[in-house]
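Heads up, the thing below is written out as structure tokens.
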Amino acid sequence: MMHLSKSFFPVLALAHQARCASTGARPACSLDNLSRQLSLIDSSLAHNATILSAVPVQLNGSYGDSTVLFGIPPLVSTGLPALCAVEVNVTSSESSSYMFSLFLPSDWNSRFLTVGGGGTGGYINYLDMGVGSHYGFATMSTDNGHKGSPYDISWAYKSPEKEIDWGYRAIHGSVELSKGLIKGYYGNDIAYSYYSGCSTGGRQGLKEAQISADSFDGMLIGAAAWWTSHQVSWITKISKDYYPIGDPKSIPSELFTSIVYPTVVEQCDKVDGVEDGIVSAPEKCHPDFGVLSCDNPGANSSACLTDIQLETLGKIYADYYVGSEFVHPGLELSSETGWSQNMFGEVPLSFGLDFMRYVVFEDLDWPLDAYNDSVYEYTKNLDIMGAMDASDFDMSPYRDQGGKIMMYHGLSDPLIVTRGSSYFYEQVELATGASHPITDWFRLFFIPGMQHCLGTASDAPWHINGASQNWVIGSDAYSVPGFHDPKHDALLALMEWVEGGKAVDQIIATTWHNSTVPSSGVWKQRPICPYPKNAVYNGVGDVNAAGSWDCE
Ligand SMILES: *[C@@H]1O[C@H](CO)[C@@H](O)[C@H](O)[C@H]1NC(C)=O
Ligand SMILES: *[C@@H]1O[C@H](CO)[C@@H](O)[C@H](O)[C@H]1NC(C)=O
Ligand SMILES: *[C@@H]1O[C@H](CO)[C@@H](O)[C@H](O)[C@H]1NC(C)=O
Ligand SMILES: *[C@@H]1O[C@H](CO)[C@@H](O)[C@H](O)[C@H]1NC(C)=O
Ligand SMILES: *[C@@H]1O[C@H](CO)[C@@H](O)[C@H](O)[C@H]1NC(C)=O
Ligand SMILES: *[C@@H]1O[C@H](CO)[C@@H](O)[C@H](O)[C@H]1NC(C)=O
Ligand SMILES: CC(=O)N[C@H]1CO[C@H](CO)[C@@H](O)[C@@H]1O
């Protein structure tokens with residue numbers, strides 16, 4: 001690893017200036033030249049790889065995949081800096097292969113950034129690659145071994161090799177080959193390697209650091225779906241508690257937004273000290289949903305819950321135990337507005353029932369009613385689930401090679417439960433030893449009011465340049481628009497921590513009057529704090545200004 005001098009850091013705030021000139025002769029961006037670089041890599045994996053294309057993209061050009069996949073925007077990055085876009089195909093077994101893409105900017109910052117995927121999807125994340133290329137990173141993303149939307153899992157049916165690619169092999173091989181190609185192309189060592197991913201992307205980064213401690217120097221990990229075996233079991237369990245729609249125990253999904261969420265805000269908003277519509281301390285609130293009972297005198301019969309529906313609601317929030325074993329946390333208070341699009345849509349969420357059908361039982365007729373606690377025991381012990389779980393809590397090898405982790409999670413996440421992140425953090429702390437304070441290398445930030453990876457239903461500040469956050473801002477957006485500095489941009493803050501030793505004490509999250517349109521003007525900014533600290537209002541300043549809050 002190349003060590004840069006301290007005097008380098010002040011210019012990090014303006015990352016477009018923070019570039020080392022590379023000294024090596026850079027070949028033209030062509031299939032022949034990149035194929036030659038690949039052939040110079042001395043590894044058996046490189047022998048399994050083929051360069052499919054290498055094309056120059058001019059300044060302000062576009063590159064990506066305009067195929068529309070359910071649940072995500074077209075993955076075409078626009079307004080790019082000048083770069084070389086490379087596509088690579090890798091054979092991973094007799095019956096599987098994966099692809100990855102590399103953006104190699106002309107104006108390289110001597111660093112490498114890997115970006116992650118989402119759900120059970122198979123796609124190259126050109127949008128987040130584009131974000132990274134604006135800083136000068138050589139960026140990479142893999143399709144994880146198949147093509148498909150983040151909610152599709154049919155590709156996995158009786159395809160264990162593809163499941164292994166999705167579990168860890170595609171990202172691991174893509175990182176290894178990318179490092180070789182980047183060094184060869186620029187004729188220089190990589191100074192630092194980073195990772196940024198949310199959801200499945202968060203899981204992928206943690207898994208890679210667990211199996212290969214020196215892959216990355218710093219990781220920005222959002223809403224990590226790290227506990228695949230447990231998550232699949234729990235989602236199937238609460239699906240069984242909720243479905244079929246129309247059953248007396250099921251709750252019409254519009255009531256989540258129209259009556260359940262308002263009840264939570266009514267009872268929980270003020271518990272954190274500031275009445276702003278944002279539930280910032282759900283752990284301190286124990287709402288009484290009895291106020292929604294249809295048994296109450298004068299209850300509105302189309303806006304109330306029966307006893308059996310109240311029981312279902314309790315199961316949705318409850319942590320799931322089998323005997324005394326903690327399996328998975330329940331959904332968080334204030335995440336209700338997202339339930340109808342995520343956990344409780346027209347059909348059971350694919351990450352539960354479909355996962356059981358395609359992966360766990362390989363039986364497309366396996367009925368939801370067949371779920372019971374022994375299905376969890378069976379699922380968690382499958383080898384293939386071990387290949388997908390990122391649950392090797394002893395991450396001291398990653399720590400000991402200097403690795404840093406910034407983890408974040410929206411407190412209103414309706415899909416990947418927030419308390420899974422605090423559980424992960426606490427388990428890593430236990431496993432990595434009392435003599436090494438975890439805060440020296442790993443910090444967790446909750447973002448009150450943020451939903452899954454991005455966005456808000458409570459007008460909360462949410463943007464920190466986490467993975468996929470700029471997808472909703474624009475295909476040419478990067479950093480935190482208007483705040484391209486380490487106080488607001490978590491990736492720049494992580495770089496300062498890794499390269500300058502400045503631990504991240506807070507990040508200022510931002511939202512705009514229209515939360516996805518920066519030109520509508522900044523509305524609110526507020527610090528997010530390293531767990532277990534919370535942002536506390538000073539009682540006098542503008543509640544929408546970051547300076548009125550401290551981490552305590
Ligand atoms: C290369 O591909 C073959 C199948 O053609 C596979 O058996 C082997 O494991 C692969 N090697 C590596 C290092 O991935
Ligand atoms: C960049 O490209 C877009 C279209 O892709 C165009 O509208 C815009 O004017 C270009 N900007 C510059 C500075 O050339
Ligand atoms: C990638 O390699 C596999 C063989 O492992 C092949 O089946 C597949 O068609 C190749 N993909 C492309 C896009 O060339
Ligand atoms: C009862 O609830 C429904 C659905 O929210 C609403 O449209 C209606 O106005 C309510 N009726 C009364 C009397 O509040
Ligand atoms: C639990 O589910 C499994 C798989 O569906 C089934 O074989 C088993 O009989 C069930 N056990 C109980 C106690 O119902
Ligand atoms: C925010 O702006 C987007 C894009 O112009 C628009 O589609 C959306 O309706 C706006 N949202 C609100 C709440 O005005
Ligand atoms: C280093 C290297 O292989 N450079 C080659 C790149 O391709 C051009 C032609 O496109 C050759 O002239 C270079 O020798």
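Order of listing sets the numbers, starting from 1, for every ligand and every atom in it.
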### Task
Kindly state each residue pair satisfying disulfide bond (SG atoms under 2.5 Å apart) with at least one member in residues 327-388, sequence neighbours excluded.
none

### Task
Report, in ascending order of atom number, the atoms of ligand 5 lying under 4.0 Å from any heavy atom of Ala370.
2 (O), 5 (O)

### Query
Is there a side-chain contact between Arg26 and Tyr186 (heavy atoms, below 4.5 Å)?
yes

### Message
Quick check on contacts: which atoms of ligand 1 are under 4.0 angstrom from a heavy atom of Ser44?
### Response
13 (C)

So what's ligand 4 close to, N/O to N/O, under 3.5 Å?
| from | atom 1 | to | atom 2 | distance (Å) |
| --- | --- | --- | --- | --- |
| ligand 4 | 2 (O) | Asn300 | OD1 | 3.4 |
| ligand 4 | 2 (O) | Asn300 | ND2 | 2.4 |
| ligand 4 | 11 (N) | Asn300 | ND2 | 2.7 |
| ligand 4 | 14 (O) | Asn300 | ND2 | 3.3 |

### Query
How does Ser43 reach ligand 1, by side chain, by backbone, by both or by neither, if only non-hydrogen atoms under 4.0 Å count?
neither

### Task
Considering non-hydrogen atoms only, spot the tightest contact between Met129 and Ser101 and give its length.
CE-O, 3.3 Å

### Task
Using distance alone, with no hydrogens and no angle criterion, decide if Ser95 and Glu161 have a side-chain donor and acceptor under 3.5 Å apart.
no

#### Entry: Contact check: Val375 vs ligand 5, nitrogen or oxygen atoms, below 3.5 angstrom
no

### Message
Restricting to non-hydrogen atoms, name the atom on Phe355 and the atom on Thr228 that form the minimum distance, rounded to 0.1 Å.
### Response
CZ-CG2, 3.9 Å

#### Entry: Pair Gln451, Asn342: side-chain N/O donor-acceptor within cut-off below 3.5 Å
no

### Query
Can you tell which part of Ser374 has a heavy atom less than 4.0 Å from ligand 5: side chain, backbone, both or neither?
side chain

### Sequence neighbours excluded - side-chain hydrogen bond (donor to acceptor under 3.5 Å, both in side chains) pairs with any residue from residues 411-420
Asp319-Arg419, Glu332-Thr418, Glu332-Arg419, Ser334-Ser412, His409-Asp413, Asp413-His452

### Task
May I ask you to decide whether Lys237 forms a salt bridge with Asp241, counting only side-chain N to carboxylate O separations under 4.0 Å?
yes

### Task
Return yes or no for this condition: an N or O of Glu94 is under 3.5 Å from an N or O of ligand 1.
no

#### Entry: Those residues that, when tested against Phe103, pass ring pair (Phe, Tyr, Trp, His ring centres under 6.0 Å) (two or more places apart)
Tyr63

#### Entry: Numbering as shown, the atoms of ligand 1 that approach Leu45 to under 4.0 Å (heavy-atom distance)
13 (C), 14 (O)

